[in-house]
2 protein chains.
Amino acid sequence: MAAEKRSREARREQIAEAALEVIARHGTRSLSVGAVARRIGIVPSAIYRHFRGKEEILSAAIGRMGERLLENAGRAAAGEGDTIPRLRNLLRDHVRAIREGYAGPRIVFAEGIDGGGVSHRMEVYHVIRRYLDRVAGILRQGQRAGDLRGDLDPEATAVHFLGLIQPAATLWYLSAGKFDVLMNAERSFEQFADAIRKKGKRQRVS
Amino acid sequence: MAAEKRSREARREQIAEAALEVIARHGTRSLSVGAVARRIGIVPSAIYRHFRGKEEILSAAIGRMGERLLENAGRAAAGEGDTIPRLRNLLRDHVRAIREGYAGPRIVFAEGIDGGGVSHRMEVYHVIRRYLDRVAGILRQGQRAGDLRGDLDPEATAVHFLGLIQPAATLWYLSAGKFDVLMNAERSFEQFADAIRKKGKRQRVS
DNA sequence: TCCTTATGTGAATCCATATTCACATTGTGC
DNA sequence: GCACAATGTGAATATGGATTCACATAAGGA
């Protein structure tokens, strides 16, 4: 039973997407060339027509995952209104992504990824760093707008923001979805918001 | 070159410890029966005299790791004086463990662990939950002592506490130690402390 | 329509890892 | 000292995954 041929571009996209889906569904450790091929409906060796090997697939998948993560943060950065609700919305986006089973949160928040060398770690690291820069940007905006304390360090606070969701995500994955990620993330967020809000500051009307 | 024979008990301890050392040094994905055996200086098949298989080694390693994590939290719980410095000390213990290269943080904070089934995920999950219960206990003590806000939810706040260090740890591992885990964890901690401290409360003298 | 190239298939190869098994050696108890 | 059990060794086996390779087929261009 021969699969339909696809153009190089189309197949590369499909392969990278299938890799993310395998990760999302079964975890990063279950990613194999075979699993990706099966998901698409081709044989494993066909994959090598489009990617030089597993390492290249991983890089493509990480790149994709990173774009989506940055999109989320970019949306929050581009939004209008008071900073804290925007950050809350970003947090909720992450919770939604976790629950709906996207691969990005699983890689970043819970399991890491490794296909044979340091290079993927650095790729994931740079994805996270770029994301944190985005969040730090939002925090700086908030400071300029007078929503947030002027004395907070945007970079370190962005790391803290990431920590509002990471443990909840980890526990959600470990418990196969039983842990209440939303409630915990939001409770943590309220404490965080309390700490970063400029004192005496009321919420601006958006 | 024959290795010295060891009693069952001694060897089991040695194997479990070697497993944690392999993880600490090279990450959870590099754990193999062979790597453990090499670390000890015996052949891989000798391992099966003492453990039924890799899965049992993993369980022993997770158990050990869990005990150490709980010890740390237990020390903070048993300490005296104001709650917030005790939590800060606990946080610093974690940072130290990360930097000194213990396996526990690597498993819990960054990479997870998997040897073939759901069972290890649940083991790690339970380790973390027991740890969080310990931290929640410290928070309750703090509430009763009047150090902390009475309206904070101890369980959710314990999750937040975990989030003060987890992203920093993840980034530290991903960057092979380049990320400043201490500074970031402490900055996050200051915001956290601000949010949970009972208002108008001065630090008790210990 | 024909030819060439791109892509898919199926078999084979290689490698690493987990594990079993038969033999060897050491340590303990009588 | 001897016998037995426990533990270590080294070879073999099984499995899964990554990858290569020769052949097959489809698609695009002349």
Side-chain contact check for B:Ser32: nearest option of C:dA18, D:dC21, D:dT9 is C:dA18

I want to verify a distance call: between D:dT7, D:dT9, C:dT9, whose nearest atom is closest to the A:Val43 side chain? C:dT9

Using ring pair (Phe, Tyr, Trp, His ring centres under 6.0 Å), reason through A:Tyr131 and A:His94 one step at a time and then give a plain yes or no. CA-CA 12 Å; A:Tyr131 167 81; A:His94 292 321; 5.4 Å; yes

Of A:Arg38 and A:Ser45, the one whose closest DNA chain D nucleotide lies more 5':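 Between the two, 5'-proximity favours A:Arg38.
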
May I ask you to list the residues of residues 46-53 of chain B, by number, that have any heavy atom positioned under 4.0 Å from an atom of DNA chain C? B:Tyr48, B:Arg49, B:Gly53

Does A:Lys5 have a side-chain nitrogen or oxygen under 4.0 Å from the phosphate oxygens OP1 or OP2 of C:dG8?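 So the side chain of A:Lys5 is outside the cut-off, no N or O lying under 4.0 Å from OP1 or OP2 of C:dG8.
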
Looking at B:Arg6, does any N or O in its side chain come under 4.0 Å of the phosphate oxygens OP1/OP2 on C:dG27? no

Just the rounded figure in Å: distance from [atom2] of [N] to [atom1] of [X].
{"X": "A:Arg8", "N": "D:dG28", "atom1": "CZ", "atom2": "P", "answer": "16 Å"}
{"X": "B:Arg29", "N": "D:dG17", "atom1": "CZ", "atom2": "P", "answer": "15 Å"}
{"X": "B:Ile57", "N": "C:dT17", "atom1": "CD1", "atom2": "C1'", "answer": "12 Å"}
{"X": "A:Arg12", "N": "C:dA6", "atom1": "CZ", "atom2": "P", "answer": "15 Å"}
{"X": "A:Ile42", "N": "C:dG10", "atom1": "CD1", "atom2": "C1'", "answer": "14 Å"}
{"X": "B:Glu4", "N": "D:dG8", "atom1": "CD", "atom2": "C1'", "answer": "12 Å"}
{"X": "A:Leu31", "N": "D:dG16", "atom1": "CG", "atom2": "P", "answer": "17 Å"}

State which residues pass side chain to side chain contact (heavy atoms under 4.5 Å, CB included) with B:Arg134; sequence neighbours excluded, sorted by chain then number.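 If we apply the side chain to side chain contact (heavy atoms under 4.5 Å, CB included) test to B:Arg134, skipping adjacent residues, the hits are B:Leu70, B:Ala73.
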
Pairing residues for A:Arg25 by the salt bridge (Lys or Arg N to Asp or Glu O under 4.0 Å) criterion, not counting sequence neighbours: none

For B:Arg64, give me all partners under salt bridge (Lys or Arg N to Asp or Glu O under 4.0 Å), at least two apart in sequence or on another chain. B:Glu13, B:Glu17

Can you list every pair that meets salt bridge (Lys or Arg N to Asp or Glu O under 4.0 Å) and has a residue in residues 102-111 of chain A, with sequence neighbours left out?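 Matches after skipping sequence neighbours: A:Arg106-A:Glu111.
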
According to the interplanar angle, ranging from 0 to 90°, do the rings of B:Phe192 and B:Phe161 count as parallel (below 30°), tilted (30 to 60°) or perpendicular (above 60°)? tilted

Would you jot down, in residue-number order, the residues of residues 13-21 of chain B having a non-hydrogen atom under 4.0 Å from DNA chain D?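 Nothing qualifies; none.
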
Strictly by modelled atom types, are A:Gln14 and A:Arg11 linked by a side-chain donor-acceptor pair under 3.5 Å?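 Side-chain D/A pair, A:Gln14 to A:Arg11: present.
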
Side-chain donor-acceptor contact under 3.5 Å, A:Gln191 with B:Thr157: yes

Ion pair A:Asp194/B:Arg149, N-O distance below 4.0 Å: yes

